[in-house]
Each structure stands twice: as structure tokens, then as C-alpha cells.
Amino acid sequence: MRAHPAEPGLRARKKEQTRHDLRESAARLFAANGFAATTVAGITAAANVSERTFFRYLDGKEALLLPDSDELFAVVAKRLAARPADEDPLTAVGRALLAAAEPHSMNLLPTALGILSRMGKPAS
């Protein structure tokens, strides 16, 4: 008999939903207002959680720029290991990064464009 993976419990589902809400709220605010003008208070208000809850999940708003970085870096390492041994190191790293980021590109594009368009502009 084959064991089925256990479904996450209510607590785990709520935690994942909170993480998702924080990431989505931050992405919308970063795109609309820029990173510098976006506050933790604004993110928590948009996600409907307290600042205390925010800091249980994250060290600061900077952590929202590259969520799931441990997983991403593991993918980059795997992609880099698969590159040809004779490839220029800088080219290999660049291609490994692009390959790892590609599945997320459409999700990150609006946020990245919003942040880049506001770089260097003073907060209004």
C-alpha cells in the first residue's frame, strides 16, 4: 500500500496564506509606490495583518524583494552544475541565473518594472 502525502493542516495553510498575502501586497505596493516609499505598515495594512505578524515571517521589507531565496539559490546551483565545464565562468553563472529565474519571470516582471521605474525618484 502506498502512503499518500499528508495534506497540510489548517495552521500550515493559514501560515502559507499569510506569506502569500504579504508577498502579493508588497509586490503591488512596490510597483505602485516604489521600494523606498513602501513601508512595513503599508504592507501589513494591505495584507490585513499586524506588524508583529509581519516580523514573525520576515526580517524586513528587503526580504520581500527575493522571497524563497534559499530555494532559488539551490536551483541556481543545480543549473550551474549542469553548465558545460569549458564555458566561461561569468557566462555560466549568468545563464544559470537566467534559467533559474525564467519560471518566475512573468510573476516578477510587473514588480521589477515598477521598482526600476521609480529608482532614483524621490518619494512623493
Side-chain angles (χ1 to χ4, degrees):
M1 184 185 225
R2 194 171 194 198
H4 293 287
E7 288 289 320
L10 178 61
R11 185 174 183 175
R13 290 192 313 267
K14 283 187 168 190
K15 283 184 169 189
E16 185 52 39
Q17 184 62 50
T18 299
R19 280 186 198 92
H20 177 267
D21 292 347
L22 287 167
R23 285 191 298 257
E24 290 296 314
S25 296
R28 281 193 312 274
L29 291 171
F30 291 159
N33 306 324
F35 179 79
T38 300
T39 63
V40 169
I43 295 167
T44 58
N48 200 30
V49 299
S50 69
E51 286 189 41
R52 185 174 179 172
T53 297
F54 177 93
F55 286 108
R56 283 188 186 131
Y57 288 85
L58 303 158
D59 292 330
K61 70 178 185 177
E62 295 78 10
L64 291 161
L65 288 175
L66 189 57
D68 307 321
S69 58
D70 290 340
E71 182 181 317
L72 178 62
F73 290 125
V75 172
V76 170
K78 181 179 175 184
R79 298 291 178 119
L80 186 56
R83 302 296 312 160
D86 62 343
E87 188 171 38
D88 173 70
L90 186 57
T91 301
V93 169
R95 290 185 176 157
L97 286 168
L98 288 172
E102 193 274 329
H104 309 285
S105 62
M106 292 313 294
N107 293 336
L108 296 174
L109 187 59
T111 301
L113 290 175
I115 291 168
L116 289 172
S117 70
R118 286 169 182 75
M119 288 181 80
K121 292 183 181 177
S124 45

(message) Looking at E16 and R23, is any side-chain nitrogen of the basic one under 4.0 Å from a carboxylate oxygen of the acidic one?
(response)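 Counted as a salt bridge, because a side-chain N and a carboxylate O are separated by less than 4.0 Å.
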How many angstroms lie between atom [atom1] of [X] and atom [atom2] of [Y], to the nearest 0.5 angstrom?
X	Y	atom1	atom2	result
L97	R79	CG	CZ	11.0 Å
K15	R56	NZ	CZ	9.5 Å
Q17	L22	CD	CG	10.0 Å
R28	I43	CZ	CD1	10.5 Å

Counting N and O atoms only, with roles assigned by atom type, does the side chain of [X] sit under 3.5 Å from a partner on the main chain of [Y], one being a donor and the other an acceptor?
X	Y	value
T38	G34	yes
T44	A41	yes
K61	T39	no

(message) According to a hydrophobic-cluster definition based on side-chain heavy atoms being under 4.5 Å apart (Ile, Leu, Val, Met, Phe, Trp, Tyr only), do F55 and Y57 belong together?
(response)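 In one cluster with F55: Y57, yes.
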(message) If hydrophobic clusters are built from ILVMFWY residues whose side chains come within less than 4.5 Å, do V75 and V93 share one?
(response)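 In one cluster with V75: V93, no.
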(message) Any non-hydrogen side-chain atom of N48 less than 4.5 Å from a side-chain atom of D21?
(response)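 No, their side chains stay 4.5 Å or more apart.
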(message) Within the 4.5 Å heavy-atom criterion, are L64 and F54 side-chain neighbours or not?
(response)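 Counting from C-beta outward, L64 and F54 do come under 4.5 Å.
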(request) Applying salt bridge (Lys or Arg N to Asp or Glu O under 4.0 Å), name anything that partners E87, two or more places apart in sequence or on another chain. (result)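 So E87 forms a salt bridge (Lys or Arg N to Asp or Glu O under 4.0 Å) with R83, R95.
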